[in-house]
Amino acid sequence: MTTPPASSSSKPGDADGTITPRDLKLGTLAVHAGEARQKPGDSITDPVFCASTYTFENTQSIIDFIEQEQPREEYGRYGNPGERVAERKLAALDGAEDAALFSSGMAAIVGLLMAKLNAGDEVIFFDECYHRSREFCSKHLSRFGVTTRQVKTGDFDAMEAAITPATKMLISESPTNPHLSCIDLEKFADLGRRSGIETLIDATLATPYNLRPIDAGVDYVLHSATKYLGGHNDLLAGVVVGSKEALEPVRNLRGIMGAINGPQNVYLLLRGLKTFELRMQRHNENGLLVAEFLENHPRIERVFYPGLASHPYHDVARRTMRGFGGLVTFLVKDADWRATADVIDAVQIPRIAPSLGGVESLIEQPLVMSYYKLTPEERQQFGIPDNMIRMACGIEDGEDLVADLSQALDR
Ligand SMILES: *Cc1c(COP(=O)(O)O)cnc(C)c1O
């Protein structure tokens, strides 16, 4: 199942005109991996095939397609040519065998868990995972007889103690949002392997540039491609990477769920991925610059950034990460929620919005943006104080971002 007409196999790096990922570095893979060297129409870019269905020449060609499992398209809900290119490219970036692309990050995690879990099974989360992922498990998978346990982030003893014979998956994010706690991936993968349980890391905040969970032995890596992989705040997509065998039932379920990207959306993702490495370098630079500026500012109580020596997970981050990303979380000293909101309302470059990982910097107050309807006790339980600000550094000039924060804090 691959791009017609130039290639004949979906394995990345096959003798089908696509390049071999193993030999090449990330920046080259982001530009070239997964693509046929010679494309339809002799175009340098992969064409957008606006088709919901694909035609057969005659009845015999349908029978051949089914009997020989021929690599070609059939109906749009099961895949489209651009999507297969994006899947090969994303698998190559993570050093994984295969990737399944979904219409959003949430569709990807829902698809993976629905394909892998049965009634009576249990999953264990580190408790700083993306709240919608945990909500899907605790509110919805529970209706199908799946039990969700949550243990304190980074507490491997608690995770091991929570394992029962029914446990089927261990799940964490690294780094987590908004506290940016980092997980020792080798310990995590090792616990899964010793216990015969599959492991999943949501590496959305890190990306394959900063974190290599597959190399550490983790079974599945999830990315919301809406964030750094798409990179331009203009699309939603999600991907799960892993072994070909493990992802086959996931892709089959996706064909039933219909959680697939349209051809134009895939084109935007492929276009965004071309500059992936360059963008990540700038996100990392800006994140560190902003974090260091804030840490030394008299109006700042505390900065959460894994690249700072003051961060509780700095050692894990230094061992596992190449750079520390664009997300910076900080607390404004002696500020109530309104004084904190005043800082956000005074910045001029970052836009006020949820999300992260795009070229435009974004800023938000978690209390207002994501936790407004919760009680103060619940917010405390999630570690969300009133004076917390989360800034997702884009790719603007770092000194401009610092100067803008400086004027907003000096008001
Ligand atoms: C945004 C996000 C998701 C969900 O992705 P969508 O593309 O918005 O569905 C999952 N995990 C993390 C860490 C995220 O930041």
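In listed order, ligands and their atoms are each counted from 1. If you read the sequence from its start, that first residue is 1, and numbering goes on from there.
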Side-chain donor-acceptor pair under 3.5 Å between Arg143 and His140, yes or no? yes
Can Tyr220 and Glu198 be counted as having a side-chain donor-acceptor contact under 3.5 angstrom? yes
Tell me the nearest of Met106, His131, Arg132, Lys227 to atom 1 (C) of ligand 1, using heavy-atom distances. Lys227
Near Thr204 (heavy-atom distance under 4.0 Å), the atoms of ligand 1 are 11 (N), 12 (C), 13 (C), 14 (C), 15 (O)
Proximal atoms of ligand 1 relative to Gly105 (non-hydrogen, under 4.0 Å): 5 (O), 6 (P), 7 (O), 9 (O)
Answer yes or no: does an N/O atom from [X] fall short of 3.5 Å to an N/O atom of ligand 1?
{"X": "Tyr130", "result": "no"}
{"X": "Glu173", "result": "no"}
{"X": "Asn177", "result": "no"}

salt_bridge(Arg338, Asp342) N-O dist < 4.0 Å: yes
Over all heavy atoms of both residues, which pair between Ile260 and Tyr78 is shortest? Give the atoms and the distance, please. CD1-C, 4.0 Å
Nearest non-hydrogen protein atom, atom 12 (C) of ligand 1: Asp202 OD2, 3.4 Å
So which protein heavy atom does atom 7 (O) of ligand 1 come closest to, and at what separation? Thr226 OG1, 2.6 Å
Measure from the side-chain N and O atoms of Thr199 to the backbone N and O of Gly192, and report whether any donor-acceptor pair falls under 3.5 Å. no
Pairs involving residues 348-387, ordered by first then second residue, that meet ring-ring contact (aromatic ring centres under 6.0 Å, His included) (sequence neighbours left out): Tyr371-Phe382
Any non-hydrogen atom of Ala237 lying under 4.0 Å from ligand 1? yes
Counting only pairs under 3.5 Å, give me each side-chain donor-acceptor contact of residues 227-236, with atom names and distances, residues two or more places apart or in other chains.
unit_1 : atom_1 : unit_2 : atom_2 : d
Tyr228 : OH     : Gly326 : N      : 3.0
His232 : ND1    : Gly230 : O      : 2.9
Asn233 : ND2    : Glu360 : OE1    : 2.8

